[in-house]
Amino acid sequence: MSDLQTFREETRDWLETNCPPEMRKPGDICWGGRNPSFSHPDQEIWLEKMGDKGWTCPTWPKEYGGGGLSYEENKILQEEMSAIGARSALGSFGIWMLGPALLEFASHEQKLEHIPNIVKGKIWWCQGYSEPGSGSDLASLSTKAVLEGDEYVVNGQKIWTSNANYADMIFCLVRTGPQDPKHEGISFLLIDMDQPGVEVKPIKLISGKSPFCETFFTNAKAPKENLIGTLNEGWTIAKRLLQHERSMISGMGLGSGNSGQKSKTSALAQLGKKYAGSNKENKLSDSILRTKIAKHDLNSRAFGLTLQRMGEEMKSGGPSATASISKYYGTEQNKSRYELMLEAMGTNALGWEGEPFSAEELAITRDWLRTKGNSIEGGTSEVQLNVISKRVLNLPDK
Amino acid sequence: MSLLLNEEQQFLKDTAKEFLQKNAPISHFRDLRDSKDENGYSKEIWKKMAELGWAGILVSEKYGGSEFGMMGLGGILEETGRTLVPSPLFSTALIGVSFLELAGTENQKNEYLPKMASGDLTTAFALEEGPRHSPVNVSTQAKRKGKDYIINGHKTFVLDGHSADVLIVAARTSGETHDEGGITLFLIDKNTNGLNIERTHMVDSRNSSEIYFKDVVVNEGSILGAPDTGYPVIEEVLERAQIGLSSEMLGSALEAFERTLEYLKERKQFGSVIGSFQALQHRAAIMFTELELTKSAVVGALNAVDENSNDRARFASLAKFKAGETLHLVSNEAVQMHGGIGVTDEFDIGFFLKRSRVAEQIFGSSDYHIDRYATLSEY
């Protein structure tokens, strides 16, 4: 038996023994934190078991609490988890964004301090990048950090901070070299949210929900050990982390893909049939909608294969400029999927609250509105196309 | 499954690129067109291709082939798409060989496959009877008479039909037009009495023909597979053909795109290279993204054939849909972004536009495959 085959069997056995029944059903994913909330007791057990094994971050080094798995082993783990319908034990910006950047840029001491806590879900991280005057032109940011003795004193405002009202810590881009050109003079700083100098105000979106906040810093403090990488060279980390963010967001474009699903029919096409009906040959009755859905499904499939192929190509390297392709395409696909859901459901997808709409229908309406942010957050689609033009295709500025 | 070429496959592809750039660049295709070459391809180049082993890639080792599979052939087809070189590679090495391998009797395999693998015998697949692809639209009749069949009818858009030694013909032995049952495949020598083959001149200057059958008599021994049950074989071969053609189309799209990208970096207007204009940059970036998706769809489909995936049918439609959409987009944008010279005959970029539209129609347009994908996905 090959090593991988042995690993597969051991993994299968371990999951069988340790994954609690409730965690084998679809449902919400725990975000951890200093005061974590669990929607079911099994969620806490699952997080603890997976965290101890390092399998919340399967490919991170064991030295820092990760699973230490190879690319192939991780693939097996994911396959075995999906075979029993196991949910992720933990989701967080620490896993998707900060952790990979720390592994690349932080000192050994900083890694020891922060990475095990990410793996075990002990800290809820949020991201402080955008500012009211610095959206697409992120590098023009003006939140200031000044070193006074052993700590940085931070003043300024961040916006679009995801879940800042729940977060324990924020990884932040701050200006430390005000005289330098805009891409220089930026540093990457970790700041504790639990202090008087930090204030948070949720922003209500068109969906009626408030997943983002404004975050205000008034003489907020951070120990100087919390500066990651080199002073005034945070932009390098920022760009790298954005690639991780873009890879994370792009996964949404897979929504109606089929791989691993039992039914040949995508969820989107099933929805189409449910609302628009089928004819005698079991085809979606609205032939124009059927065509649009099939085209969407085909593109989702090609996109899923592209993520897989890029994953294989980058086995050892980490995300590259291809992150822009997947961010651009994934978010556009996700938006188009929701538009098609609305088209299929007619006025049933246009309720705001109450009867006669089902909870599922109301959720789709709100989620549709939320998707409009997908191609804005983490760099707009237009910014992604700029990145592809300049970095991948080497098209000139002048 | 892996979506990357292995060392052997990558080597084949690299060799193909080098060979074609040197021996059959686009100027070679232009020469064939301008000289109104009788065969529409160079027998000399085909012989060299066969010597490189390309004709026998799908042929079993015991019949003189290499069994390198569709992943091997796909890489080569992609490179042929870059230089637009016409050759029997598609009709013979992919389609003809697949028919013999999948449905041939031991005798037929012994008779044909070694000659096909060595490049000494070429085939053409006579299927279509109308201007839009339909594998069930078969009304050409083959009537049984003793141990013979008498064939009457008309086939259109037969790729390589005028130059092939042997025709593989889908004819109806029972049932009605549009029935899947009742279709029989025949191997017919080009010199058989009653065959009238007329070369067609298409916009892409490649090779196809009209074939008329008037009381063509063939022996029952020329049936490929079994009578009345040709359809499943046709389907499987068509899927391979759709996937292989998608590789070629990907190559054409990549070449047209790269040529356009170079032009964007050279051409100056308003004091700047036009590639610095955001209106063009974003369109280039969108094309690049679509090309990346097409690469994945194509390699996934090639792999599905080699691994005998139970989802091969949908992969074939995925590849042909995506290759069609992308080559359509890129060939249009390539002409537009080249401006005035893009619409001149002297400049090569227009060749890709012409080839695109023909390739899009071969064995089903993108629209055809959207419908097929939905049907296969049970909606």
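Every chain is numbered from 1, with letters handed out A, B, ... down the list of sequences. All values reported here derive from a predicted model rather than from experimental measurement.
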Indicate yes or no: at least one non-hydrogen side-chain atom of [X] is less than 4.5 angstrom from one of [Y].
X	Y	result
B/Val273	A/Pro396	yes
B/Phe257	A/Leu393	yes
A/Arg290	B/Thr375	yes
A/Leu305	B/Leu318	yes
A/Asn394	B/Lys265	yes
A/Ile388	B/Thr289	yes
B/Leu280	A/Leu395	no

**Request:** Let me see the working for B/Phe288 and A/Leu385 under side-chain contact (heavy atoms from CB on, under 4.5 Å), right down to the final yes or no.
**Result:** CA-CA 10 Å; B/Phe288 179 76; A/Leu385 294 175; over 6 Å; no
**Message:** Heavy-atom pairs under 4.5 Å with chain B - which of A/Ala294, A/Ser381, A/Ser287 has more of them than the others?
**Reply:** A/Ala294
**Asked** Using non-hydrogen atoms only, which part of B/Val299 is less than 4.5 Å away from chain A: side chain, backbone, both, or neither?
**Response** side chain
**Asked** Which atoms of B/Phe270 come close to chain A, meaning under 4.5 Å heavy atom to heavy atom: side chain ones, backbone ones, both, or neither?
**Response** neither
Which answer fits [X], side chain, backbone, both or neither, if we ask what part of it has an atom under 4.5 Å from a heavy atom of chain B?
X	answer
A/Asp397	backbone
A/Lys75	side chain
A/Thr291	both

Heavy atoms from other residues, nucleotides or ligands near [atom1] of [X] exceed 12 (cutoff 6.0 Å):
X	atom1	value
B/Asn310	CG	no
B/Gln336	CD	no
B/Glu176	CD	no
B/Glu18	CD	no
B/Phe11	CZ	no

**Request:** Could you please spell out the steps behind the side-chain contact (heavy atoms from CB on, under 4.5 Å) verdict for A/Leu298 and B/Ile370?
**Result:** CA-CA 8 Å; A/Leu298 281 157; B/Ile370 290 171; 4.0 Å; yes
Pairwise distance [atom1]([X]) to [atom2]([Y]) - rounded to 0.5 angstrom:
X	Y	atom1	atom2	value
A/Ser266	B/Tyr379	OG	OH	5.0 Å
B/Ser366	A/Lys295	OG	NZ	8.0 Å
B/His282	A/Gln384	NE2	CD	10.0 Å
A/Phe303	B/Glu292	CZ	CD	11.5 Å

Ignoring hydrogens and geometry beyond distance, is a side-chain donor-acceptor pair present between [X] and [Y] at under 3.5 Å?
X	Y	answer
A/Asn299	B/Lys322	yes
B/Gln281	A/Asn386	no
A/Arg309	B/Ser2	no

**Prompt:** Which heavy atom in B/Ser296 sits nearest to a heavy atom in A/Ala302, and how many Å separate them?
**Reply:** CB-O, 3.9 Å
**Prompt:** Between A/Thr265 and B/Ser377, is there a donor-acceptor pair closer than 3.5 Å when you use the side chain of the first and the backbone of the second?
**Reply:** yes
**Stepwise side-chain contact (heavy atoms from CB on, under 4.5 Å) test for B/Glu378 and A/Lys283** = CA-CA 7 Å; B/Glu378 294 161 9; A/Lys283 289 183 183 176; over 6 Å; no
**Request:** Sort out for me which of B/Thr294, B/Asp311, B/Leu264 touches chain A most, counting heavy-atom pairs under 4.5 Å.
**Result:** B/Asp311
**Request:** Could you walk me through whether A/Lys264 and B/Leu376 pass the side-chain contact (heavy atoms from CB on, under 4.5 Å) test, one step at a time?
**Result:** CA-CA 8 Å; A/Lys264 278 193 164 183; B/Leu376 290 168; 5.6 Å; no
**Cation-pi check, A/Arg301 onto B/Phe315 ring (under 6.0 Å, within 45° of axis)** = yes
